[in-house]
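Comments concern the structure below.
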Amino acid sequence: MHIIESGNVAAATGVKLSRAQVIAAYPITPQTPLTEKLSEFVESQELDAQYIPVESEHSAMAVCIAASTAGARAFTATSANGLLYMNEQLHWAVGARLPVVMCVANRGIGAPWTVWNDQQDSMSQRDVGWIQLYANDHQQIIDSVIKAFRLAQSVSIPVMVCYDGYLLSHTYMPFELPGQEQVDAFLPSFTPEHFLNPDEPGNFNTVTLPDTRAGVDGTVEPGYIEIRHNLHEDLRGALEVYGDIDAEYEKGCGRGGTPFIEQYRCDDAECVAVAIGSLSYQLRDVIDILREEGLRVGVMSVQMYRPFPDGAIVEALAGRKSVIVFEKALSYGNQGPLYADIKAALYSRGDRPPIQNYILGLGGREIKTSQLLDALKESCSAIEAFDDTPRWIGLKL
Amino acid sequence: MAHRDFCKMISRSKPGPGDGGKTGSWRVLRPILHTEKCIPVKAGKKACFNCWLYCPDCVVTKTIPPTIDLEYCKGCGICAEECPADAIDMVAEDTFSTEEK
């Protein structure tokens, strides 16, 4: 069944279909309609869950941590400064290996205060250890939420599903609603690898020494660095797991096949534009125009940013004539984070292409198709002028 | 799908006597269980065990009757507070003789 709804409602419906058991969230623009919809679902008993109102995002994540530690399927959502307020608890949730799922409706960060879209909020959390998925449209939002729950419980790592504030969260678009039976078959109830069980008492995440040591029963308990190494290895292993989960989802509902990156008209493209989120779909229009003018260009979106799918990205980009990375985020004092990561992934390749970074759309500045057109034309025709300094689009200085 | 075994290493340890020594010596109030009021004792079967469930130091056993390990009990009084049968009294330590301690 197709419905026409907002991106936030697509996310909320995905959470309902996934049968989340505990939801704790604090409203923040532009995520608010998502939490409102979820509280409606709980109130009307369409969703059998505990909805726990909290006084802050830090508490929202704390509740999710507690619920998840007890074995429940926990969900929260936030944006911008709310996400940053959660930061300490984000580290805790992943260190404790809890399969929490969270939606982030991407928004710029204050100061100065802004409520409009860019991706600085979730990009600034890339090193926390959470898995990060990015959706390009409403269909991908609802599908990614369902797949996120499955991925989180498969690898015991929390998952962030990010989508552009307003551009996706508040716009209305048709999308197909997966059936409840379909989702139930894809996402069965689960027993976490570790959870609070009175019959098997345990100490979780107490002070962990720099070195290994013997526990009370003589077994060797890992030190901090072993536990963190294991998290990293599990994150790398999550790439393969997500590929399989996506394939299984595609078998059930016919949508998927692009878990890590999505390419548009890239087959014979000499120049590939790269972006995350709705911007990559806006770029498709630009690609179509340039193709009509005879330029061999394509666009690639990055759907999973952490763990970084470097294999798929290198395979897609190595050997091209040029690569242009458009970003709505910046590692201040350096470069766009995606640009830097892609550049590093291509470093060992002899056929690495010249690569240029563009920064745009911060704090919701409108991105005009004509600006993208100009930027792509400019960079396709002057590869020798590429430098390592980000170029800014639409600055009025 | 043959994947690696995930989440095989977290910080989880079995509860046991503390590294800090016999912390029961910190206690000012001692829990005294009156077994004649205790629910599992009266029922003659495993029941209630709120004292065991709520003890933050895991020094109460899930047995009939429950026992309290005074080597490590710090006398917080949560068991007495949570006991629905008021079967646990908190008694000042200085009322016990040196031998009893």
Side-chain angles (χ1 to χ4, degrees), chain A residues 69 92 94-99 150-157 192-209 212-245 247-248, chain B residues 1-24 26 31 33 38-40 43 45-74 76 78-84 88:
Chain A
T69 307
W92 194 273
V94 65
R97 303 301 301 271
L98 300 170
R150 172 74 184 275
L151 176 60
Q153 70 188 44
S154 300
V155 300
S156 298
I157 296 172
E193 196 63 37
H194 304 274
F195 65 103
L196 283 180
N197 179 359
D199 292 328
E200 209 186 313
N203 305 313
F204 291 91
N205 305 300
T206 51
V207 175
T208 300
L209 299 182
T212 57
R213 69 161 181 172
V216 287
D217 58 355
T219 55
V220 176
E221 287 168 9
Y224 183 92
I225 196 171
E226 283 78 22
I227 291 167
R228 286 284 160 167
H229 170 259
N230 186 255
L231 167 64
H232 177 71
E233 291 297 313
D234 280 358
L235 266 165
R236 295 306 299 174
L239 283 165
E240 191 191 349
V241 174
Y242 190 56
D244 289 343
I245 285 173
E248 192 185 322
Chain B
M1 278 204 277
H3 298 123
R4 67 187 260 115
D5 272 348
F6 285 89
C7 203
K8 288 301 167 199
M9 196 181 285
I10 67 163
S11 174
R12 177 182 182 152
S13 55
K14 289 189 176 158
D19 287 346
K22 291 181 179 170
T23 45
W26 304 354
L33 172 66
C38 176
I39 289 168
K45 61 178 182 184
K46 291 200 166 190
C48 183
F49 292 124
N50 273 11
C51 49
W52 162 81
L53 182 63
Y54 281 94
C55 175
D57 263 342
C58 301
V59 299
V60 184
T61 58
K62 198 181 180 182
T63 52
I64 306 173
T67 63
I68 298 170
D69 184 352
L70 293 177
E71 303 258 292
Y72 295 100
C73 167
K74 298 178 187 65
C76 70
I78 290 175
C79 55
E81 181 69 24
E82 294 296 338
C83 176
I88 301 172

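Chain letters run A, B, ... following the sequence lines, proteins first, then strands; residues in each count from 1.
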Q.
Under the criterion side-chain contact (heavy atoms from CB on, under 4.5 Å), I'd like the reasoning laid out for B:Leu53 against B:Glu82: C-alpha separation, chi angles, the key distance, then a yes or no.
A. CA-CA 9 Å; B:Leu53 182 63; B:Glu82 294 296 338; over 6 Å; no

Q | Segment of B:Lys62 engaging chain A (4.5 angstrom heavy-atom cut-off) | A | side chain

Q. Under a 4.5 Å heavy-atom cut-off, does chain B meet the side chain of A:Glu221, its backbone, both or neither?
A. side chain

**Q.** Under 4.5 Å from a heavy atom of chain B, the part of A:Asp217 involved
**A.** side chain

**Q.** A:Ile225 atom CD1, neighbour heavy-atom count above 12 within 6.0 Å
**A.** no

(Q) What part of A:Thr219 gets within 4.5 angstrom of chain B, counting heavy atoms only: side chain, backbone, both, or neither? (A) neither

Q. So A:Glu233 and B:Arg4, side-chain contact (heavy atoms from CB on, under 4.5 Å) or not? Walk me through it.
A. CA-CA 9 Å; A:Glu233 291 297 313; B:Arg4 67 187 260 115; 3.4 Å; yes

Q. Is the side chain of B:Asp69 donor-acceptor paired with the backbone N or O of B:Val59 at a distance under 3.5 Å, no angle test?
A. no

Q: Under 4.5 Å heavy-atom distance to chain B, tell me which part of A:Pro198 shows up: side chain, backbone, both or neither.
A: both

(Q) Below 4.5 Å, heavy-atom pairs only: which of A:Val155, A:Leu231, A:Thr208 has the largest tally toward chain B? (A) A:Val155

Q: Evaluate whether atom NZ of B:Lys14 has more than 12 neighbouring non-hydrogen atoms of other residues, nucleotides or ligands under 6.0 angstrom away.
A: no

